[in-house]
Amino acid sequence: AKRSFDGMVVERKWQLAGTSDAAIVVVGDSSGNFGADAAVLGSELGADAANLCTYGRFQIRGAAWMLERVLDARERPPALVLVVLGARTFALSPDGFTFAQLPLGPLAFRGGSLAPALPARHALQFVAARALPLFAQSTSFGRALRTGEWEPDLSRLAIEDDGTARIPAANPRAVPRFADRTIAEYGAVEGDVPSSAERAAARALVRAADERGFDLVFATSPIWEDMATRPEHVAFEGRVRAFLEEACAVTERARVLPGDAPRFSADELENPFHVTPDAAGTYSKEVARRLRALGLPRAAR
């Protein structure tokens, strides 16, 4: 995993999760990775913030493992945990090779206090990725052998010390095509939305907030203004939101951030959910405004 850019991003976030004492912690997918500007959130909310978001294919389970590392490394929990997730995340299919990118112990596939155990086939993939890295990372190692470049060029996608990642430029021409592909992914999903595993992970996060005494808020991602109005997206996101609101209803420590997803033009996006740095500042200010309206964070720690 370290031989891919994604793997190095995950490793950086994992290291930060084990060392940061920020009062506000953001976990979630790539929409949060690029959209949640920790410096802006911290300034607007009057407390330090850290962005520990990774990628959508880690889904809520990956966010749960990241938060578990935060909680294990600290005597006191953060005051506020913000979980940023785009609807597309719930249409993706994770696997054990993906979860093996997290620097977890060899028995992590059995699950923990927050992340549920991996299904049998994912557990086998997890074990294979650890035991046979050349097989699991064949593409990354193959590229390194061909080019002689054994470390990705981190300058192409900067990550700040607080974990905030920045997209170098918008790609407006690609946004509509990506949106069409996402709509097709929504249509291909069978069964519950979110999946049973994601429901278990979300409930575990809510339970941890209640038991450990921190506030947990689920926030939807920034989104392309056209995508936000497509009926397929509205319906799919509605299913996700309905479950999250149900999961949060058991404790006053957990809630879904009120309001629709902040919308952006294609000129401010790399894809329908990834905003440029200026737009990330706008998104983060709006999220902070809604959090303040909820009286959060209750107190900086």
Side-chain angles (χ1 to χ4, degrees), residues 24-38 40-41 44-45 49 51-64 67 80-92 165 175 178-179 182-183 185-186 189 193-195 198-199 201-202 205-206 209 215-249 254-265 268-276 279-294 296:
I24 301 167
V25 168
V26 190
V27 293
D29 62 18
S30 57
S31 70
N33 187 32
F34 302 118
D37 187 316
V40 172
L41 285 170
E44 293 289 316
L45 296 172
N51 183 330
L52 306 180
C53 298
T54 55
Y55 297 101
R57 59 187 174 276
F58 289 94
Q59 298 193 312
I60 299 178
R61 279 169 285 175
L67 180 57
L80 172 65
V81 175
L82 182 67
V83 187
V84 180
L85 298 164
R88 180 177 181 259
T89 285
F90 298 95
L92 299 177
V175 172
F178 199 108
T182 300
I183 294 298
E185 290 171 339
Y186 291 164
V189 175
V193 176
S195 69
E198 293 305 285
R199 288 171 181 252
L205 289 179
V206 171
D215 288 298
L216 177 77
V217 178
F218 291 95
T220 191
S221 68
I223 193 169
W224 179 36
E225 56 193 1
D226 181 76
M227 181 78 167
T229 62
R230 294 195 183 186
E232 299 92 340
H233 174 79
V234 172
F236 192 88
E237 186 177 56
R239 294 168 70 185
V240 172
R241 190 180 187 94
F243 165 72
L244 292 176
E245 289 178 342
E246 175 191 331
C248 291
R255 63 195 79 189
V256 178
L257 193 68
D260 295 332
R263 301 178 184 183
F264 296 88
S265 70
E268 300 173 285
L269 295 159
E270 180 199 44
N271 71 37
F273 308 99
H274 290 180
V275 290
T276 55
T282 301
Y283 172 78
S284 299
K285 287 181 180 179
E286 175 59 20
V287 169
R289 183 190 68 78
R290 298 184 194 184
L291 288 169
R292 287 197 305 271
L294 296 174
L296 299 174

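The figures that follow rest on heavy atoms only: side chains count, while hydrogens, waters and symmetry mates do not.
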Closest approach of [X] and [Y], non-hydrogen atoms and distance?
{"X": "S284", "Y": "L41", "result": "O-CD2, 3.5 Å"}
{"X": "R239", "Y": "P194", "result": "O-CD, 4.5 Å"}
{"X": "L244", "Y": "A202", "result": "CD2-CB, 4.3 Å"}
{"X": "A63", "Y": "G28", "result": "CB-N, 4.1 Å"}

Out of I183, V189, T182, which one pairs with F236 under the side-chain contact (heavy atoms from CB on, under 4.5 Å) rule?
V189

With V27 as reference, evaluate N51, N33, L52 under the side-chain contact (heavy atoms from CB on, under 4.5 Å) test and give the passing residue.
L52

Side-chain contact, heavy-atom cut-off 4.5 Å: [X] with [Y]?
{"X": "T282", "Y": "E286", "answer": "no"}
{"X": "F273", "Y": "W224", "answer": "no"}
{"X": "D215", "Y": "V81", "answer": "no"}
{"X": "L85", "Y": "F90", "answer": "yes"}
{"X": "L257", "Y": "F218", "answer": "no"}
{"X": "L82", "Y": "V25", "answer": "no"}
{"X": "I60", "Y": "V83", "answer": "no"}
{"X": "T276", "Y": "L269", "answer": "no"}

Taking only residues two or more places apart in sequence or in another chain, which ones pass salt bridge (Lys or Arg N to Asp or Glu O under 4.0 Å) with D29?
none

Sequence-distant partners of E268, salt bridge (Lys or Arg N to Asp or Glu O under 4.0 Å), two or more places apart:
none

Apply side-chain contact (heavy atoms from CB on, under 4.5 Å) to the pair D37 and Y283, showing each step before the final yes or no.
CA-CA 8 Å; D37 187 316; Y283 172 78; over 6 Å; no

Under the ring pair (Phe, Tyr, Trp, His ring centres under 6.0 Å) test, which residues partner F178, sequence neighbours left out?
none

Test item: Q59 side-chain N/O and T89 main-chain N/O as donor-acceptor pair under 3.5 Å:
yes

Tell me whether R241 is salt-bridged to E237, with the criterion being a basic N under 4.0 Å from an acidic carboxylate O.
no

If you apply the rule side-chain hydrogen bond (donor to acceptor under 3.5 Å, both in side chains), what do you find for H274 with S31, and how did you get there?
CA-CA 5 Å; H274 290 180; S31 70; over 6 Å; no

Partner residues of R292 under the side chain to side chain donor-acceptor pair (under 3.5 Å) criterion, sequence neighbours left out
E44

Going by the rule side chain to side chain contact (heavy atoms under 4.5 Å, CB included), which residues pair with A280 if we only count those two or more places apart in sequence or in a different chain?
V275

Hey, can you pull the donor-acceptor pairs under 3.5 Å for the side chains in residues 227-234, sequence neighbours left out?
from : atom 1 : to   : atom 2 : distance (Å)
T229 : OG1    : D226 : O      : 3.0
R230 : NE     : D226 : OD2    : 3.2
R230 : NH1    : D180 : OD1    : 2.8
R230 : NH2    : D226 : OD2    : 3.2
H233 : ND1    : Y186 : OH     : 2.9

